[in-house]
Protein chains: 2
Amino acid sequence: MAANSRLTIAVHALAWLALAQRQGRDQLTSDQVAASVNTNPVIIRRSLGDLRRAGLVSVRHGPGAGWSLARPPEEISLEEVYDAVERDPLFGMHHTEPNLECPVGKGIRPALGSIYGGAEQALRRELARTSIADVLRQTLRAG
Amino acid sequence: MAANSRLTIAVHALAWLALAQRQGRDQLTSDQVAASVNTNPVIIRRSLGDLRRAGLVSVRHGPGAGWSLARPPEEISLEEVYDAVERDPLFGMHHTEPNLECPVGKGIRPALGSIYGGAEQALRRELARTSIADVLRQTLRAG
DNA sequence: CTGGCTGTAACGTCATCTGTTACAGGAGGT
DNA sequence: ACCTCCTGTAACAGATGACGTTACAGCCAG
């Protein structure tokens, strides 16, 4: 798959918001987040926009504005972040409809659909075990 | 991520080989597999080439040539197929190096690396529970 | 009202995947 | 040894999507 960095960007932004909050800075602008992630502020706004629609962060407009966590970092799991930023299923089906004359072509899609569903659930269960607070703790230990 | 259909193509081809084998047809050419998947034979050769390098199928050249399973379908797990056809990690890191002045930017990559590793392992463990024989069974039941 | 920041559209660039054509190379049957 | 069939792979076109950038409308505290 494509090396998709959306989850990385979102988790990085959330961890940075969690650290800033702990340090008493309640808001961060997209420019400030972008400076840590080292990318363009618009990328951050797009990512945090997804997280806002999922209810994980909130935003304040006007001067002195910025982003903050909508919940304590212990209560934000990577599964929720994954759901917020990842739209497409993990594995894609055939681009063109398989040959329905062939017994394999006829039944393969529902069979794979259920198998892929189980695999995605296993992935989510694992991501659910880690919170933004966990990520921040491991990040500060590694740094 | 990109809707990547490589795993789907490979599993479809293997299930079709397994069914053909059960019906007494020991070899299938890439044209015959392509007719069931409904794609170009070169796509099939590329996919089966990955599986051959992983030791899951074998190929015979010359006239009357074609592909066949290198092992019984009960002993080929989707985890092996996944490893054979999927080169990139599931989640990508930042495109540009994060800001190392920031404590989050400094430690986020090793932290995420270990978390992503655990998530990929959970995915693989789930894929390991299903064999090509299982896929074929479910496919024929669904068809 | 004003200044600062968000939200989003529009666009370019780049990488990747699928699909296609073309052709060199290997191996069994004669 | 030759033929013939099929594999293996390079080269290319088109589509898709991600990232990055610029630009601008909208919103709101002061």
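Naming convention: chains lettered A, B, ... in sequence-line order (proteins, then strands); numbering from 1 in each chain.
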- Whole-Å distance, A:Leu7 CG to D:dA18 P, equals 14 Å

- Query: Can you list every ring-ring contact (aromatic ring centres under 6.0 Å, His included) pair that touches residues 29-58 of chain A, not counting sequence neighbours?
  - Reply: none

- Task: State which residues pass salt bridge (Lys or Arg N to Asp or Glu O under 4.0 Å) with A:Glu97; sequence neighbours excluded, sorted by chain then number.
- Result: A:Arg109

- Task: Could you list by number each residue of residues 38-47 of chain B showing a heavy-atom separation from DNA chain C of less than 4.0 Å, or answer none if no residue does?
- Result: B:Thr39, B:Asn40, B:Val42, B:Ile43, B:Arg46

- Compute whether any side-chain donor of one residue and acceptor of the other, for A:His12 and A:Ser36, lie under 3.5 angstrom apart. yes

- Task: Grab the NE2-P distance between B:His94 and D:dG20 for me, whole Å please.
- Result: 10 Å

- Item | Euclidean distance, atom CZ of residue B:Arg87 to atom P of C:dT16 [Å, nearest integer] | 11 Å

Please tabulate, for side-chain N and O atoms in residues 111-129 of chain A, each donor-acceptor pair with protein atoms closer than 3.5 Å (sequence neighbours left out).
unit_1, atom_1, unit_2, atom_2, d
A:Tyr116, OH, B:Thr8, N, 3.4
A:Tyr116, OH, B:Thr8, OG1, 2.9
A:Glu120, OE1, A:Arg124, NH1, 3.4
A:Glu120, OE2, A:Leu90, N, 2.8
A:Arg124, NH2, A:Asp83, OD1, 2.2
A:Arg124, NH2, A:Asp83, OD2, 3.4
A:Glu126, OE1, A:Arg129, NH1, 3.4
A:Glu126, OE2, A:Arg129, NH1, 3.2

- Task: Return the nearest nucleotide to the side chain of A:Arg52; candidates are C:dT8, D:dT9, D:dT7.
- Result: C:dT8

Show every donor-acceptor pair shorter than 3.5 Å between a side-chain atom in residues 134-143 of chain B and any protein atom, with sequence neighbours excluded, or say none if there are none.
unit_1, atom_1, unit_2, atom_2, d
B:Asp134, OD1, B:Arg137, NH1, 3.1
B:Asp134, OD2, B:Ser131, N, 2.9
B:Asp134, OD2, B:Ser131, OG, 3.2
B:Thr139, OG1, B:Val135, O, 2.7

- Query: Whole-Å distance between C:dA15 C1' and B:Asn4 CG?
  - Reply: 14 Å

- Item | Whole angstrom value for the distance that separates C1' of D:dG17 from CZ of A:Arg6 | 9 Å

- Message: Mind checking if B:Arg53 touches a base, just sugar-phosphate, or nothing, with heavy atoms under 4.0 Å?
- Response: sugar-phosphate

- Task: Start with the C-alpha gap between B:Ser5 and A:His94, add the side-chain angles, then the distance that decides, and say whether side-chain contact (heavy atoms from CB on, under 4.5 Å) holds.
- Result: CA-CA 6 Å; B:Ser5 67; A:His94 312 65; over 6 Å; no

- Taking all non-hydrogen atoms of both residues, which atom of B:Trp67 and which atom of B:Thr29 are closest, and how far apart? CD1-C, 4.2 Å

Protein-nucleotides 25-27 of chain C N/O pairs under 3.5 Å:
unit_1, atom_1, unit_2, atom_2, d
C:dG26, N2, B:Gly62, N, 3.4

- Message: Going by side-chain contact (heavy atoms from CB on, under 4.5 Å), A:Trp16 matches just one of A:Val11, A:Val33, A:Ile44. Which one?
- Response: A:Val33

- In whole angstrom, what separates A:His95's NE2 from C:dG19's C1'? 10 Å

- Query: CG of A:Asp31 versus P of D:dT21: gap in Å, rounded?
  - Reply: 12 Å

- For C:dC5, does either OP1 or OP2 sit under 4.0 Å from a side-chain N or O belonging to A:Thr29? no

- Look at A:Ser5 and D:dC19 and indicate whether a side-chain polar atom (N or O) is within less than 4.0 Å of OP1 or OP2. yes

- Query: Could you state the CG-P distance from B:Asp88 to D:dG17, rounded to the nearest angstrom?
  - Reply: 18 Å

- Task: For the pair B:Thr96 (side chain) and A:Asn38 (backbone), establish whether a donor and an acceptor sit closer than 3.5 Å, ignoring hydrogens and angles.
- Result: yes

